[in-house]
Amino acid sequence: MVNREQRCLALILAIGLITSLPSGASEQPAEAAPSALRSQSTADHSTFEALAQRFKSGRELTKACLSCHNLAAKQVHTSTHWNWEFTNEETGQSLGKRNLLNSTLISVSSNGPYCARCHIGNEWTEETFDFSAEEQVDCLACHDTTGTYASKKMHQLRVKCSACHVEFDKSKSRDVVRKPNLSELAKRVGKPNLASCGSCHFYSDGGDGIKHGDLDTSLLSASRHLDVHMAKDGLDYSCTTCHKAEGHQMRGTRYAPEAKDTHGIDVVGGSRATCESCHGLAPHPDSANVKLNDHVDRIACQTCHIPALARGGRPTKTYWDWSTAGRLNDAGKEIVEKDGEGRIIYSSQRGGSQWSENLVPDYVWFNGKIEYLTMDDKIDPASVVQLNTLAGSSDDPESRIWPVKTLRGKQPIDAINETLASVRLFGKKDDAFWKAYDWTASVGAGMKAAGREFSGKVGFVETEMRNPVNHTIAPAEDSLTCVSCHSRNGRMAGVPGIFMPGTGTGAILDIFGLLLIGSSVLVVLGHGTLRVLMKVRNNGRRRPS
Amino acid sequence: MKNRIYLYARFERFWHWSQASLIIFMALTGFEIHAFYVLFGYESAVQLHTTAAWVLIGLWIFAIFWHATTGEWKQYIPTFDRVVTIVRFYSVDIFNNAPHPYHKSRLQKHNPLQRFVYLLLWVLINPAIWISGLLYFFYNDWKALGLASFLSLEVVAVVHTVAAYLIFSFLIFHVYLVTIGDTPLTHIKAMITGWEEVEQEE
């Protein structure tokens, strides 16, 4: 209804606009870019004098930004985006890229300046970087509205190709534009849009859609069915519509998510990146099934409204096996193997891979608390090591059932000390895995960079990493229905601590019931048959009783 | 000697047949919810089952009022008088084509065995299915009602299903026993028209 009204309104406005234009309107000079007029901003950066100059470096551009936005760098300096460090106050764990390990590109700490090519700073190309320098904040990293800057910056800084490209045509690498046009991009700065944030986050861990399953480039042209909020033909939200960012502090962090928002609607001034922040605590309308609102206390919105992961045509990685990485062909060259659909299932650089589209998420109880495995923790090499543990249970009223993307894999450990291993992937020396494919050397270098003991013996363990998913929210008609869960082998079949009506549980009960019904029928049939037989035998005569 | 008597009042007949159809419909939707088959689809089955339950509750309010005001509730007072004879009739004498030892009258429509079975239904099985059904329906209010600490949904569901099986079993015997009249349709006709030919007590 609202959509129709909006469309009608737009149509009326458009007709009004066209009819009110003076003749020869098309010859009028365009004073401001149409997008600038459509924007909520009161400033058109393309007309600013401070930005009308030839910028030779990101630092120069940042200084120009700071000449007006004089608090911006100070604000950015306190953000997770800048520090890559997040202290979870509840668990006390020091998290963030700087500290954590995962099963994708494993560790940041051991690859310092290489991983830092994605950092929102200017020129973090050495081991050391001045985190207190205001001009080192790279404003364009987030405020480039074209979404092209991050990629050009990485090419300019000469990141190792395999950081993003497992396979590429070397003959074409000369044609790659390696230099962002800072002067041009400076005129087009603005609030971050999908392309701005997506230029990093869509490519997390080395490629489009690899890590998340709910964040990839398909969102840039999302249909309403893929994402009801971000669709161009739908609400056309940008990331910051939900991830309110006052003073450069983004709301909604993966390290301490809000699994059960009980505040309700408080969207004035921006959303807290929870569904409830806009939709409230009883989000389903009266016209919907009344039982739906009865579910919100135990079922996260995402569980029904993200019917599957990787729905936009970009497969997401479900298995990453580092243990087989480094295999070369007879000529000593790197190998790339693909499956029938053109997905890379093996590469020397990254090992074995499995991918999935339209992937049914796993479902877990989750109360917002995540414990991450760190390099200080002992692991059991015989078990499947959990890289993170999502806390929660059916007994815990703060928990709800959440959809998660599980990435399984095998990754290196220190086999003697029984800890996760940090690995040096990047570098020009032979202790870089992507240079010499020597696990012992590259784990050695990685552990040294992380300041950890290394026994000298590398092993591999199976690991699992679970990430709650939040994006690619489907419209109501594409969401799960009752029967998705309330049926035999429904989606919640593996979730502990729940009684799910409609799943045919209770075998003993049904044996009792069917025996009862069956014997009732038998008794009745036997009684009836005997009665008829005896009637025939007695020729209808009554016998004295 | 046979006598034609008006055994079932208009409301009683209406109550019987509407209750019968509702119970069969609730069994149909209920066992679909129990995942035995797919007929209406889970969501519709739940909604239809719930609606039928509220209609049946409404019907019962009328029925209870009717029983109370007409005094018909006395028909269900149990008695041991001649129980043995009735049991013997159904298990032995009936095969010898013996006449039913119990003769219905306007004041005593149910034989002693019927009285016991109906009492069992009214005192045990029906309350079990209604209480468990209402608890099931109001599951989300358990916390507010102070029930959450000691009730489990699974127990409620099991009670509800066991009661449903028992009612289903009752239905099978009930339908069979209806056919044990002078002709198979005698009793059904009586429940439709209200009039039944009964052997006069001598």
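For the numbers below, each heavy atom of this structure counts, side chains included, while hydrogens, waters and symmetry mates do not. Every chain is numbered from 1, with letters handed out A, B, ... down the list of sequences. In this text the structure is predicted, and so the values were computed from the model without any measurement.
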Which atom names give the shortest non-hydrogen contact between B/F95 and B/S91, and what distance separates them?
CE1-O, 3.3 Å
Is A/R224 salt-bridged to A/E477, cutoff N-O under 4.0 Å?
yes
Count the heavy atoms belonging to other residues, nucleotides or ligands that lie under 6.0 Å from CD1 of B/I77, then report whether that count exceeds 12.
yes
For the student: nearest non-hydrogen atoms of A/P361 and A/P403, plus distance:
CB-CB, 3.8 Å
Report the distance from atom CD1 of A/I401 to atom OH of A/Y363, rounding to the nearest 0.5 Å.
10.0 Å
Determine the minimum heavy-atom distance between B/E196 and B/A190, stating which atoms define it.
OE1-CB, 3.1 Å
Take B/T85 and B/F89 through the test side-chain contact (heavy atoms from CB on, under 4.5 Å) and record every step on the way to the result.
CA-CA 6 Å; B/T85 318; B/F89 166 73; 5.9 Å; no
Going by residue number, which parts of residues 121-139 of chain B are within reach of chain A, meaning a heavy-atom gap below 4.5 Å?
B/Y136, B/F137
Please flag which part of A/V532 lies under 4.5 Å from any non-hydrogen atom of chain B: side chain, backbone, both or neither.
neither
Which atoms of B/S152 come close to chain A, meaning under 4.5 Å heavy atom to heavy atom: side chain ones, backbone ones, both, or neither?
neither
Is it true that A/D266 and A/R272 make a salt bridge, defined as a side-chain N closer than 4.0 Å to a carboxylate O?
yes
Out of curiosity, A/E90 CD to A/K369 NZ, how far, rounded to the nearest 0.5 Å?
4.5 Å
Picking from A/N470, A/T262, A/D261, what satisfies side chain to side chain donor-acceptor pair (under 3.5 Å) with A/T274?
A/D261
Can you measure from OG1 (B/T161) to CG (A/L509) and round to the nearest 0.5 angstrom?
5.0 Å
Close approach to chain B in residues 292-307 of chain A, criterion heavy atom under 4.5 Å
A/D294, A/D297
Separation of A/S487 OG from A/M492 CE (nearest 0.5 Å):
10.5 Å
Is the number of heavy atoms from other residues, nucleotides or ligands under 6.0 Å of A/R488 CZ greater than 12?
yes
In terms of heavy-atom contacts, A/K405 and A/L359 come closest through CG-CD2, 4.5 Å
Please look at B/L177 and chain A and tell me whether the side chain, the backbone, both or neither of the residue comes under 4.5 angstrom of a heavy atom of that chain.
neither
Begin from the C-alpha positions of B/Y176 and A/H527 and carry the test ring pair (Phe, Tyr, Trp, His ring centres under 6.0 Å) through to its verdict.
CA-CA 9 Å; B/Y176 171 67; A/H527 196 272; 5.5 Å; yes
OG on A/S394 to CZ on A/F499, rounded to 0.5 Å:
13.5 Å
Residue by residue, which of residues 19-35 of chain B have a heavy atom closer than 4.5 Å to a heavy atom belonging to chain A?
B/I33, B/H34, B/A35
When the 4.5 angstrom heavy-atom criterion is applied to A/T481 and chain B, the contacting part is neither
If I take atom OG from residue A/S223 and atom CZ from residue A/R311, how far apart are they, to the nearest 0.5 angstrom?
8.0 Å
How close do B/S169 and A/I517 get, heavy atom to heavy atom, and via which atoms?
N-CD1, 3.9 Å
What are the residues of residues 59-67 of chain B, in order of number, with any heavy atom under 4.5 angstrom from a heavy atom of chain A?
none
Under a 4.5 Å cutoff for heavy-atom pairs, which residue among B/F36, B/F168, B/F173 has the most contacts with chain A?
B/F173
Can you give me the closest heavy-atom contact between A/C278 and A/S271, atom names plus distance?
SG-CB, 4.1 Å
Is there a donor-acceptor pair under 3.5 Å between the side chain of B/T193 and the backbone N or O of B/K189?
yes
Which answer fits B/L166, side chain, backbone, both or neither, if we ask what part of it has an atom under 4.5 Å from a heavy atom of chain A?
both
Look at A/I498, A/V521, A/D510, A/V483 and state which one has the largest set of heavy-atom pairs under 4.5 Å with chain B.
A/D510
